[in-house]
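Working notes for the structure below.
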Amino acid sequence: MDVVTIGDAMVSLNPMSKGPMRYVSTFERKVGGAELNAAIGCSRLGLKTKWISRLGNDEFGRYILNFVRGEGIDTSAVTLVDQYPTSVYFKEILEDGSGRTFYYRSDSPTTTLKTEDISASIFSGAKLLHVTGVFPAVDKAKNVELIKQAVVLAKQEGMLVSLDPNIRLKLWSKEEAKAGLTELLPYTDILLTGVEEAEILYGTADPDEIIAESIEHGISWIAIKQGESGSIGYHRSEKLVSPAVKARKVVDTVGAGDGFDAGFIYGVLNGWPLERSLHFANTIGSMVVSVSGDNEGLPYLEDVLVQLGEKESIER
């Protein structure tokens, strides 16, 4: 196993037309969830991936479980539970590809996950645990400790830990997010963050200060995601600015950060130089935003290599 991740998944209802959601009449059913998106991204790049979660024992839960299995992801740590409906969220997409999300995930099935469900055997032989700030926010009273236990076990198993703060202020406040995620930083090897999220954690939006604060916590790889401005990375005293890769057309920005995470993780696990890992991750982010849906745009490895000009595409 290369990558293990833990988190919530939802049925994503994507609008069939753009504009304010109050004017949208029809939606298309898809699958979403930050940690799951990252797992799908890693799996499509060829990494062996496991996902730890709970889903409702209902039609939506079975739909998600079958979808995830179809992506080649190990679901041995996923259970269908009664009396907890599978979470749902609606997306609003505006003409420029930006939008908002509206969650219906109270009493998420993942609230039934307990610390005793997270054991060292789940991580045995794996190389990396990827966590985000979304799952802790779903159940603030319990999930911070659950994730903390997971990262402690992962470190005991000799694994790397990657953290994407992915702070959702609809789920918890800035103060709650900072308090909860700061507990994870001493166990983090790879920080994958946006500038706004880093400012919540560290109180600064300055990349040099973000890097310095991360180094103080013992973080080895730092990637600061800047969207259409590219990314900034740091590893072993090397700081690099990686220019953005222009997207063909911005259709839907959801999932771009998760795709970046998968790409950077792939680079780290393959021992790539920082520059290549950043450019690879930027390229995936640019590919994701050109496709509607949370994970439909996450590319396979050969697609990324074609985009990079490293492999020839034969159309017919």
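Bear in mind that the values here come from a model prediction, so they are computed numbers and not experimental data.
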- Under-4.0 Å salt bridge between Lys225 and Asp164: yes
- Task: Indicate yes or no: does Lys48 engage Asp2 in a salt bridge with an N to O separation below 4.0 Å.
- Result: no
- Output all residues satisfying salt bridge (Lys or Arg N to Asp or Glu O under 4.0 Å) with Glu238, sequence neighbours left out; order by chain, then residue number. none
- Message: Looking at Glu59 and Arg62, is any side-chain nitrogen of the basic one under 4.0 Å from a carboxylate oxygen of the acidic one?
- Response: yes
- Query: Should the pair Lys50 and Phe123 be classed as cation-pi, given the thresholds of under 6.0 Å to the six-membered ring centre and 45° from the axis?
  - Reply: no
- Is the distance between the ring centroids of Tyr266 and Phe280 less than 6.0 Å? yes
- Query: Quick one: side chain to side chain contact (heavy atoms under 4.5 Å, CB included) partners of Val81, sequence neighbours excluded?
  - Reply: Arg54, Thr79, Tyr84, Pro109, Thr112
- Task: Using the test salt bridge (Lys or Arg N to Asp or Glu O under 4.0 Å), find all partners of Glu92 that sit at least two apart in sequence or belong to another chain.
- Result: Arg100
- Query: Is a salt bridge present between Glu310 and Arg276, judged by a nitrogen-to-oxygen distance below 4.0 Å?
  - Reply: yes
- Message: Which residues pass the side chain to side chain contact (heavy atoms under 4.5 Å, CB included) test with Glu175, not counting sequence neighbours?
- Response: Ser173
- Message: I'd like to know whether the aromatic ring centres of Trp221 and Tyr234 sit less than 6.0 Å apart in this structure.
- Response: no
Please set out all donor-acceptor pairs under 3.5 angstrom arising from side-chain atoms of residues 196-204, sequence neighbours excluded.
residue: Glu197; atom: OE1; partner: Gly194; partner atom: N; Å: 2.8
residue: Glu197; atom: OE2; partner: Asn166; partner atom: N; Å: 3.2
residue: Glu197; atom: OE2; partner: Ile167; partner atom: N; Å: 3.3
residue: Tyr202; atom: OH; partner: Ser214; partner atom: OG; Å: 3.0
residue: Thr204; atom: OG1; partner: Asp206; partner atom: N; Å: 3.1
residue: Thr204; atom: OG1; partner: Glu209; partner atom: OE1; Å: 2.5

- Task: Please determine if Arg69 and Glu71 form a salt bridge, counting it only when a charged side-chain N lies under 4.0 Å from a carboxylate O.
- Result: no
- With sequence neighbours left out, what residues match Glu95 under side-chain hydrogen bond (donor to acceptor under 3.5 Å, both in side chains)? none
- Looking at Val306, Val291, Ile284, which one forms a side chain to side chain contact (heavy atoms under 4.5 Å, CB included) with Pro299? Ile284
